[in-house]
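Just below is one structure, and these are the notes that go with it.
Residues: numbered from 1 along the sequence shown.
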Amino acid sequence: MPPIETTIDSSDESPDSFAKSSLVTAELVSDPVIDAELVPRWKRALVSVGRWSLLLFLALMTFGFLCSGLSPDPSAIFDEGDAKSVVAQDKSVDDIGAEFVAIALNDDPATAIEPVSLRSSDLKPSTNAISRKSDSELALVAEKLSEQWRAELDSRGLDAAPMADWMTVCRRLSLALAGTGLSLEEIRSLQRLPEADRVETHRERLLNSERFHHYWAERTARYLVGADEGPFIFYRGRRFRSWLTEQYAKNIRYDELVRMLITAEGVWTDRPEVNFHTVTFDSGDNAPDPIRLAARTTRAFLGVRIDCLQRHDDFLGNVSLGDASWIMCGVDDATMQAAAEGDAKYVLREGTQEDFHSLAAFFTAATSEGVQGLKDKRANYEFQYLYADETVPVEPNVPFLRELLPPRPENRQDDSSDDDSTDATDESASDELGNAPEVIELPRYLSDRERLAYWLTHPENKPAARAAATRVWTLLFGQPPAIETDYGFQVGEVDNLPLDSPPSPLIETLTEAFIESDFNIRKLIRCITDSPAFRVSSRADFDVTEQHELAMAVFPVTHLRSEQVAGAAIQAGRIKTINRDSSFLVQLQQFGSLNDFLKRYGDLGEDEFTQQPVTITQRLVMLNGKLINETASPNPILNASSHIEMFAKDDEDVVRTLYLTVLNREPSERELEHFVKRLTAESREQNDPPTSRKQEITDLTWILLNSSEFAWNH
C-alpha cells in the first residue's frame with residue numbers, strides 16, 4: 001500500500017487549517033489506540049487464568065520441594081552410601097508429597113512407605129555392614145557376654161528385668177548412634193520387617209549412614225580436643241571434625257586413627273589431624289604444649305588420670321602405675337606366675353613426676369616450623385622437678401608395659417649435613433632388626449612420636465584397648481560402666497580407670513574382642529548392642545534399686561545430653577528423617593535451632609557424661625523455649641503435628657501417631673482414652689474458652705515434648 005501523503009494548499013495559510021493537517025499526519029504515522037472494550041472478554045479472562053495458574057504452579061512446586069525435600073526417597077535414608085540403587089521402581093522422588101505423608105501416618109504395615117527392595121529377604125548388606133548372624137565370632141562373643149551377665153546377677157542375688165520391646169531398643173540405638181529419636185518414617189519402615197530383624201536392620205542402617213559418621217565424629221572430637229574454640233589462627237575445629245567424619249565413613253581401624261593423631265605432621269589446614277596438636281598452641285607459645293598433650297593422651301587413649309603428677313609425686317595413693325597382673329597378656333606362664341607371686345617388677349607403685357614428664361617428653365618432638373606446620377624432630381625435654389635445684393633432661397618413656405615400647409635409636413641429626421652418619425645408623429639398626437625376628441615388622445627408624453603411637457596401639461597394651469571399649473560403652477549407654485571400689489560397687493568414670501581395679505568381666509571380654517577384631521569400632525558396637533545388658537528393659541515387676549542399674553539387671557535410666565534433647569525435639573517435628581540429604585531450608589533451620597538451644601539449655605562440654613540433676617533453667621527452656629514452641633505450633637509445611645492433623649483418619653490415629661513421633665512408643669490404653677476424649681467436639685466446647693482441634697493437637701505435642709520420658713534414655 002503506497003504511503004499516504006497529505007497536501008497543504010499554500011493559499012490556505014490560516015492557523016486552523018495547519019492544525020487540522022498536522023493532526024491528520026500524527027494519526028497516520030503513530031500506532032492506533034485500541035480501546036480495551038474492543039478486545040474479546042474471553043481473551044482477557046484467559047490471560048488472567050494463565051497468570052494465576054503460573055503463580056499457583058510455582059507455589060505448589062515450592063510446597064512440594066519443602067515437603068519432599070525433608071529427606072531423599074524412602075530407601076535412601078537407610079543406605080545413604082548406596083541410595084540410588086534401592087529406589088523403588090514404581091515411585092519416583094517427584095511423586096512424594098502430601099500423598100507420601102498420608103501413607104506415612106497410616107499404621108497399617110501393608111501400606112507403609114518402605115520400598116519392596118528393603119524387605120529383610122531382599123536386603124543386601126554391604127561389606128561394612130555384615131549381618132551378625134553370619135559372623136560366628138560375634139555370635140560367640142554375644143553368648144559369652146550373656147553368660148557373664150547372668151553370672152554377675154546371680155553372684156549379687158539380683159533379678160533381671162525382661163527384655164525391652166524392639167521400638168525401645170531402636171530408640172536407644174538412634175540416640176546413641178545419631179543423637180536423635182526415631183522418625184515416623186523409620187518406624188513405619190521397620191514395621192514392614194519381621195520383628196526379629198528390626199533391631200539389627202535399624203542398627204546396620206545407622207552404622208552405614210552419614211548421621212552416625214557426623215555424630216560420632218563430634219563426640220570423638222570432644223574428648224580429643226575439647227569443646228572450646230581453641231586458638232583462632234592455629235586451630236580449625238570444623239576441619240578436624242570433618243576429617244574424623246571421613247575416618248568413620250571409611251570404617252578405619254581405631255589403632256590406625258590413633259597413630260595418625262599422635263604422629264601428625266604438616267599444616268593444620270591441609271592435614272586436619274594436626275589440629276590435635278595445634279589446639280594447644282595458645283598455651284604452648286605458638287608450639288604444641290607437651291604438658292596438655294600428655295594429659296589429653298592419658299585420658300583419651302589410656303583412660304588414666306595422671307594430671308596431678310605434673311607438680312608433685314603421688315602422696316595420697318590416687319595414682320597407681322606399673323604392670324598390674326590383669327594387664328599381662330601375650331606372655332609366657334613363667335611371667336604370669338611371677339606376677340601372681342608378687343614379683344617386684346609386676347607390683348603396682350605410686351605415680352611420680354617422672355611418669356608424667358617422661359610421657360610429655362614424646363611431644364616435644366613435634367616442633368612448629370611456621371608456614372610448614374609441624375615437623376618431627378628428636379625429642380628434647382627438660383624439667384625441674386619438685387625440690388630439685390636445676391632442670392634435668394627427661395628421656396621419653398611410658399608409665400607401664402615398658403617392654404612394649406620400641407627402643408630409642410641412636411641420636412639422629414635432623415639436618416641433611418650428616419647423611420653419612422644417618423645412613424650408618426640406619427644400617428646398624430637394620431642389621432640389629434635382621435638379627436631379631438620378633439621386631440622385624442618395625443621400620444628402620446622410629447621417631448619418638450612413632451614409638452609412642454606404636455606402644456599405644458600395641459595389641460598387648462590392654463589398658464589402651466580397655467579405654468576404647470569403655471568409651472564406646474559410655475556413648476551407647478549414656479554413662480560409664482560400674483566398677484568395684486573401696487567404697488563399694490559404683491559408677492566409674494570414662495577417663496579415670498585405675499590400673500589397680502581390673503575391669504568387669506563384660507568389659508574384659510569386650511576388650512579382648514576389640515583386639516581380636518583388629519580394633520574395628522563397628523564390630524565393637526555390634527558386640528555391645530547385642531548383649532543383654534543393652535537389650536534389657538528399664539522397667540521391672542520388682543523394686544528397682546541403684547544396684548540393679550549398676551549390675552545392668554535393668555537398663556540404666558539416664559538424662560539425655562543437651563545435643564540429644566535438641567536432636568530428638570527437632571526430629572519429633574518432622575515426619576521424615578532429617579539427614580544430610582534433607583532440603584537446605586530444613587538443614588539451616590536445624591543448625592540454627594540446635595545452636596540456639598544448646599546456648600540456652602547448657603552444654604557440659606568435655607564433662608558431658610557427668611550425671612547432674614535437671615536444673616530450673618533447663619526446665620524453663622523446655623517449657624517456654626523457642627525450639628519446643630516452634631515444634632509444637634501449627635505449620636502445614638514443616639511440622640509433623642500439622643501433617644498428622646491433616647492426614648490422620650480419626651482422633652485415635654492422631655494420638656497414636658503423635659506418641660510414635662515424639663516418644664517412639666504406642667500410648668497405653670489409659671493415655672489413649674484420655675487424649676482421644678480431649679479431641680472430641682463435645683470436650684472442646686466445654687473448655688473456657690472453647691478450643692479448636694488444631695489447638696488441642698498442638699497442646700498434646702507440647703505436653704509430650706515436655707514430659708520426663710522424652711528427656712530420658714530408658
Side-chain angles (χ1 to χ4, degrees), residues 125-146 148-149 169 172-179 199-200 202-209 212-213 215-220 222-224 244-245 247-259 261 300-303 329 456-481 492 494-495 497 503-535 552 609:
S126 63
T127 57
N128 293 330
I130 303 175
S131 175
R132 184 193 59 81
K133 294 181 179 180
S134 62
D135 195 331
S136 58
E137 295 180 358
L138 290 178
L140 292 175
V141 174
E143 183 179 357
K144 186 176 181 180
L145 290 174
S146 180
Q148 291 175 336
W149 176 73
V169 178
R172 296 173 186 171
L173 286 170
S174 293
L175 289 172
L177 300 181
V199 174
E200 183 180 352
H202 183 60
R203 181 186 62 195
E204 297 306 318
R205 289 168 175 173
L206 287 174
L207 289 176
N208 290 278
S209 69
F212 164 69
H213 306 152
Y215 182 68
W216 272 54
E218 180 68 33
R219 306 271 67 76
T220 304
R222 288 251 172 158
Y223 70 83
L224 289 179
L244 287 173
T245 301
Q247 308 313 309
Y248 277 111
K250 293 186 294 186
N251 194 23
I252 194 171
R253 292 169 49 133
Y254 173 78
D255 56 343
E256 182 63 25
L257 177 65
V258 175
R259 290 193 200 101
L261 291 170
F301 302 130
L302 296 177
C329 66
L456 281 172
T457 58
H458 198 286
E460 296 181 14
N461 192 343
K462 290 182 66 176
R466 176 186 69 158
T470 303
R471 181 76 61 175
V472 174
W473 175 287
T474 305
L475 285 171
L476 293 173
F477 283 89
Q479 70 177 25
V494 68
D495 57 356
L497 308 172
S504 65
L506 292 177
I507 296 299
E508 188 170 5
T509 299
L510 291 172
T511 300
E512 295 173 353
F514 186 47
I515 296 174
E516 293 175 359
S517 66
D518 295 330
F519 299 96
N520 190 308
I521 296 179
R522 294 188 187 181
K523 285 189 177 180
L524 178 60
I525 293 175
R526 294 187 184 103
C527 289
I528 297 176
T529 54
D530 278 338
S531 66
F534 189 83
R535 302 289 183 96
M552 306 307 296
F609 296 114

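- Using a distance-only test at 3.5 Å, with no hydrogens or angles considered, no donor-acceptor pair links the side chain of Arg471 to the main chain of Tyr223.
- Between the CG atom of Asn208 and the CZ atom of Arg203 there is a distance of 11.0 Å, given to the nearest 0.5 Å.
- At least one donor-acceptor pair under 3.5 Å links the side chain of Thr474 to the backbone N or O of Thr470.
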Evaluate Phe519 against Val258 for side-chain contact (heavy atoms from CB on, under 4.5 Å), listing each step before the verdict.
CA-CA 11 Å; Phe519 299 96; Val258 175; over 6 Å; no
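- To the nearest 0.5 Å, atom CG of residue Leu140 and atom CD of residue Glu516 are 10.0 Å apart.
- Ala467 and Leu497 get closest at one heavy-atom pair: CA-CD1, 4.1 Å.
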Quick one: do Leu207 and Asn251 satisfy side-chain contact (heavy atoms from CB on, under 4.5 Å)? Show the steps, please.
CA-CA 10 Å; Leu207 289 176; Asn251 194 23; over 6 Å; no
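- Of the inter-residue distances, the one linking Arg172 atom CZ with Leu177 atom CG reads 13.0 Å to the nearest 0.5 angstrom.
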Evaluate side-chain contact (heavy atoms from CB on, under 4.5 Å) for Val472 paired with Phe514, printing each intermediate quantity in order.
CA-CA 11 Å; Val472 174; Phe514 186 47; over 6 Å; no
Take Leu257 and Leu244 through the test side-chain contact (heavy atoms from CB on, under 4.5 Å) and record every step on the way to the result.
CA-CA 9 Å; Leu257 177 65; Leu244 287 173; 4.1 Å; yes
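- Residues Phe212 and Ile525 have side chains in contact (heavy-atom distance under 4.5 Å, counting atoms from C-beta outward).
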Given Arg526 and Glu200, is the salt bridge (charged side-chain N to carboxylate O under 4.0 Å, His left out) satisfied, shown in steps?
CA-CA 9 Å; Arg526 294 187 184 103; Glu200 183 180 352; over 6 Å; no
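- The aromatic rings of Phe477 and Trp473 lie parallel to each other, with less than 30° between the two planes, well short of the 60° mark.
- Remark: the backbone N or O of Arg522 is paired with a side-chain donor or acceptor of Asn520 at under 3.5 angstrom.
- Rounding to the nearest 0.5 angstrom, the gap separating the NZ atom in Lys250 from the CD atom in Glu256 is 9.5 Å.
- The two residues Asp255 and Thr457 make their nearest non-hydrogen contact at O-CG2, 3.3 Å.
- Minimum heavy-atom separation, Leu476 to Trp216: CD2-CZ2, 4.2 Å.
- We find the OG-CZ distance between Ser517 and Arg253 to be 9.0 Å, quoted to the nearest 0.5 Å.
- Note that CZ of Arg466 is 10.0 Å distant from CD of Glu508, once rounded to the nearest 0.5 Å.
- Cation-pi geometry between Arg219 and Tyr215 is met: under 6.0 angstrom from the ring centre, within 45 degrees of the axis.
- Smallest separation of non-hydrogen atoms from His202 and Ser174: NE2-OG, 2.8 Å.
- Of all the heavy atoms in Leu524 and Ala469, the pair that sits closest is CD2-CA, 3.8 Å.
- At a threshold of 4.5 Å between non-hydrogen side-chain atoms, the residues Arg535 and Asp530 count as touching.
- Two residues are said to be in side-chain contact when any heavy atoms from C-beta on lie closer than 4.5 Å; His213 and Gln247 fail this criterion.
- Between Ala464 and Leu302, the shortest heavy-atom contact is CB-CD2, 4.0 Å.
- Remark: side-chain polar atoms of Ser209 are paired, donor with acceptor, to backbone N or O of Leu206 under 3.5 angstrom.
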